[in-house]
**Q** 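Here it is: the structure, laid out below.
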Amino acid sequence: MSRYHLLDDLQLITLLKNDDREAFAEIYIRYADDLTNFTSAKIQHFEDASDLIQDLFVKFWEQRKDVKIDRDLKAYLFSVARYRIIDKIRKNSTHQAYATIIQALAIRYESF
């Protein structure tokens, strides 16, 4: 069994900044399921929520050296997830609006 489950979040962040993959894995284990559940409740598609959280963790790993978390990792991750949810909803709304416009144009075109 890994000793990482005994570490607190700030210790894990310190290790993460030093490229420790096991620290990253422990952070993922601690928070991925809760983040996915939170996200799927907001966008109501589990697959989309899962993809969004996977992308969040990929970006988190890529930017690990620049992460500035000095208190609450959980709050940080949920905040990032919330902004990604907002972006996803905004993007979906834009796509739906364009689809409606294109459909209206197609109907007009067919009537000529």
Side-chain angles (χ1 to χ4, degrees):
M1 178 172 263
S2 171
R3 64 179 170 85
Y4 287 85
H5 73 278
L6 300 173
L7 301 176
D8 67 35
D9 287 350
L10 293 179
Q11 292 169 315
L12 290 172
I13 292 167
T14 300
L15 293 170
L16 175 74
K17 288 184 175 192
N18 290 314
D19 302 329
D20 191 316
R21 292 179 183 269
E22 288 185 59
F24 176 76
E26 179 62 29
I27 292 168
Y28 183 87
I29 289 166
R30 285 185 191 180
Y31 298 111
D33 286 345
D34 289 342
L35 287 164
T36 302
N37 291 334
F38 170 75
T39 304
S40 65
K42 304 298 181 201
I43 60 175
Q44 306 186 350
H45 291 97
F46 186 81
E47 294 81 19
D48 289 345
S50 183
D51 289 346
L52 192 143
I53 297 306
Q54 293 298 319
D55 291 344
L56 181 153
F57 275 102
V58 167
K59 200 62 116 171
F60 187 60
W61 173 256
E62 291 173 348
Q63 297 176 347
R64 66 192 174 279
K65 301 276 188 190
D66 301 321
V67 170
K68 300 204 183 346
I69 304 169
D70 56 358
R71 283 184 275 147
D72 192 350
L73 175 59
K74 183 177 182 178
Y76 172 84
L77 292 172
F78 273 83
S79 179
V80 172
R82 186 171 55 93
Y83 286 113
R84 288 180 174 257
I85 291 166
I86 291 168
D87 288 345
K88 176 91 173 146
I89 291 169
R90 187 178 296 135
K91 191 179 292 183
N92 284 349
S93 296
T94 302
H95 288 296
Q96 289 172 348
Y98 285 133
T100 302
I101 291 169
I102 290 170
Q103 187 176 26
L105 289 172
I107 291 170
R108 283 189 201 157
Y109 180 75
E110 289 174 2
S111 66
F112 285 117

**Q** Taking all non-hydrogen atoms of both residues, which atom of I27 and which atom of L77 are closest, and how far apart?
**A** CG2-CD1, 4.1 Å
**Q** Ignoring hydrogens, what is the shortest heavy-atom contact between K88 and I43? Give both atom names and the distance.
**A** CG-CG2, 4.4 Å
**Q** For D87, is there an ion pair with R84 - N to carboxylate O distance below 4.0 angstrom?
**A** no
**Q** Using a 4.5 Å cut-off on heavy atoms from C-beta on, say whether the side chain of E22 contacts that of E26.
**A** no
**Q** Membership question, hydrophobic clusters at under 4.5 Å side-chain separation (ILVMFWY): are F57 and V67 in the same one?
**A** yes
**Q** Specify the closest pair of heavy atoms between A23 and L16, including all atoms of both residues, with the distance to one decimal.
**A** CB-N, 4.0 Å
**Q** State whether a side-chain donor-acceptor pair under 3.5 Å links Y31 with D9.
**A** yes
**Q** How long is the gap from CG on D70 to CD1 on I13, to the nearest 0.5 Å?
**A** 8.5 Å
**Q** Rounded to the nearest 0.5 Å, what separates atom CG in L73 from atom CG in L12?
**A** 8.0 Å
**Q** Can you name the nearest heavy-atom pair linking L35 to T39, along with the distance?
**A** O-OG1, 2.7 Å
**Q** Would you give the length of the straight line joining atom CD1 of I53 to atom CG of D48, rounded to the nearest 0.5 angstrom?
**A** 11.5 Å
**Q** If you look at every heavy atom in T14 and N18, which pair is closest and at what distance?
**A** O-ND2, 3.1 Å
**Q** Under 4.5 Å between any side-chain heavy atoms of Y4 and L7, yes or no?
**A** yes
**Q** If two hydrophobic side chains count as joined below 4.5 Å and joins carry through other members, does I89 share a cluster with L52?
**A** yes
**Q** Any side-chain heavy atom of Y28 sitting closer than 4.5 Å to one from F60?
**A** no
**Q** Which heavy atom in T36 sits nearest to a heavy atom in A49, and how many Å separate them?
**A** O-CB, 3.8 Å
**Q** Can you tell if the side chain of Y76 reaches within under 4.5 Å of the side chain of V80, non-hydrogen atoms only?
**A** yes
**Q** Between the side chain of K17 and the main-chain N/O of K65, is any donor-acceptor distance below 3.5 Å?
**A** no
**Q** Under 3.5 Å, side chain of R64 to main-chain N/O of W61, donor-acceptor pair present?
**A** yes
